[in-house]
Every structure is written in structure tokens, then in C-alpha cells.
Amino acid sequence: MKLIIGGSTGFVATELLSQALRNPAITSIIALGRREATLPADADSNAAKAKLKSIICDNFEEYPDSVKSELENADACIWTIAVTPMKLSTVPWEETCKISRDYATTAIKTIHKLRQNKEKSLRFIHMSGHFAPRSRAEIPAGETETLILDYAEQSQGAVQSCIVKPGLIDAPGAEKREIPGLPHIDLPDIAAALLHQVIRGFEKDTLSNDDLVRIGQRALAE
Ligand SMILES: NC(=O)c1ccc[n+]([C@@H]2O[C@H](COP(=O)([O-])OP(=O)(O)OC[C@H]3O[C@@H](n4cnc5c(N)ncnc54)[C@H](OP(=O)(O)O)[C@@H]3O)[C@@H](O)[C@H]2O)c1
């Protein structure tokens with residue numbers, strides 16, 4: 001399986017890279033970001049050389065041809081680029097919409113158009129958040145969820161999309177933050193759940209924090 005990880009330098013993406021490198025079902029990883037992806041500390045460098053390609057992109061609204069050629073014929077994509085809630089107050093609204101909504105919708109369209117394989121669907125996961133309402137509302141996350149699900153629905157089976165809505169993601173060993181009403185999930189669990197779903201197929205089109213904990217822990221136990 002050829003997997004694209006969008007936003008490959010981030011907190012979740014770094015754990016995804018580490019687990020994907022160790023997973024034999026994933027044979028090729030395109031780490032797409034505005035900066036070079038750093039190899040996870042525990043990565044076997046020979047496995048990484050064989051499987052991983054870090055692609056730097058300076059335009060997520062219109063990919064340069066050199067980037068497009070690396071995105072050809074992907075089987076799946078896990079999209080993690082967004083203005084995270086902690087940074088919302090520091091980024092202007094227009095910019096937030098562009099980064100959190102338009103980059104994701106451009107990605108799903110572009111990666112779909114760059115596929116030759118008409119037999120199997122492209123699997124696209126969009127990372128959203130527990131509290132994101134599925135409407136335009138005050139943040140673009142909810143609107144993006146609808147656009148990503150609609151794109152798959154209109155693709156006549158060529159694309160399957162899945163929205164994941166985790167609560168707070170806890171790094172191993174780090175102090176737990178608390179936000180009233182927000183559930184928690186451990187970083188290894190969410191990464192395992194995302195990889196399980198792109199490899200085995202989506203259980204449903206929207207996965208809650210509880211779903212992700214259950215799928216991730218089962219996948220890690222296996
Ligand atoms: N962390 C949590 O507790 C949590 C909880 C619920 C949902 N989520 C969601 O999960 C997803 C991943 O979260 P995360 O914690 O891994 O986020 P993160 O560490 O902030 O990583 C975000 C990624 O997006 C990239 N990015 C941000 N702005 C960009 C821009 N203008 N152009 C290109 N790339 C840009 C970052 O690149 P740079 O490294 O270059 O900045 C990084 O690769 C997000 O959608 C987030 O909202 C996270």
C-alpha cells in the first residue's frame with residue numbers, strides 16, 4: 001500500500017510515520033509537508049530508506065508538478081494539516097479557512113485525480129476534532145468534514161473518506177492536559193487506529209474518540 005501522510009512533521013504524523021515504517025502492509029510512505037519530515041527516533045534507517053520519501057511542498061492550493069508526480073497512484077492518505085484549536089486565536093480567519101479547509105479539499109481532489117487504479121477506492125482520512133460541529137459555525141473544521149464526506153459520496157465509489165474526531169491526544173510520559181468535556185486518547189492508540197482503518201477499510205464514515213480508542217488498542221494488541 002502507498003500511503004500519503006499530509007502534514008508529516010506534526011505530533012500525530014510523527015507517530016504515524018514510526019508505526020507505518022514498522023507495518024509490512026505499508027510498502028511506500030510519502031511524507032508530505034512544508035518542511036522535511038524528521039525520521040522518528042526509533043526508526044530503522046534501512047527500512048526508512050526503502051519505504052519513506054519526504055516531499056516538501058510550498059503550495060498546498062495548487063501542487064507543483066514535481067509534487068504531483070510523487071502523489072500518483074496512492075492507495076490512502078491521512079490528512080493532519082490544520083490550524084489546531086490552540087493556535088486558532090493567533091491565525092486570521094481567512095488563513096485558517098485556507099489551511100484547515102481548502103488544503104484538505106485540494107488534497108482529496110488532487111490525490112484522487114492522480115490515480116490510475118479504478119478497481120480499488122482511494123481511502124482518505126481527515127483528522128478533525130471531538131468538538132467540531134458539522135456546519136460552517138465558528139470554525140471551518142465542521143464545514144471541511146461535510147466537504148470531504150460529500151466528495152467521496154459523489155465519486156461513485158472511487159474515493160472513500162472518513163472523518164476522525166479525537167479528543168485530547170496524550171503523548172506517552174507527558175503530563176495530561178484537561179479540558180472539561182473532552183475525552184482522551186493515547187498517541188500510539190490513535191496512530192494505530194488510523195493505520196488500521198486505511199489498511200483494512202473504514203468501519204464507518206465518522207469515528208469518535210471511543211471508536212478510535214477501541215480500534216487502536218485492538219490493533220496494537222494484534
Ligand atoms: N493534538 C491533539 O490533541 C489533537 C486533538 C484533536 C484533534 N487534533 C487534530 O489532529 C490533527 C493533527 O494534530 P497535531 O497535534 O498532530 O497537529 P500539529 O502537531 O500542529 O501538526 C500539524 C501539521 O500541519 C502542518 N501545518 C500547519 N500549518 C500549515 C501550513 N500553513 N501549511 C502547511 N502545513 C501546515 C504542520 O507543519 P509544521 O510542522 O511545519 O508547522 C504540521 O505538519 C489536526 O487536524 C488537529 O486539529 C489534534
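All values below were derived from every heavy atom in this structure, side-chain atoms included, with hydrogens, water molecules and symmetry-related copies excluded. Start at 1 and go down the list; that is how both ligands and their atoms are numbered. We count residues from 1, following the sequence as given.
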Examine ligand 1 and decide if any of its atoms is less than 4.0 Å from a heavy atom belonging to [X].
X	answer
C57	no
Y103	yes
R177	yes
K98	no
P166	yes
S128	yes

Among non-hydrogen protein atoms, atom 36 (C) of ligand 1 lies closest to T9 OG1, 4.0 Å
Is [X] in polar range of ligand 1, meaning some N or O pair under 3.5 Å apart?
X	result
V12	yes
F11	yes
G7	yes

Indicate yes or no: does E203 engage R214 in a salt bridge with an N to O separation below 4.0 Å. yes
Checking heavy-atom distances from atom 21 (O) of ligand 1 to each of G129, G10, S100, the winner is G10
So the atoms of ligand 1 within less than 4.0 Å of a heavy atom of R35 turn out to be 38 (P), 39 (O), 40 (O)
Would the number of heavy atoms belonging to other residues, nucleotides or ligands and lying under 6.0 Å from CD of E222 be above 12?
-> yes
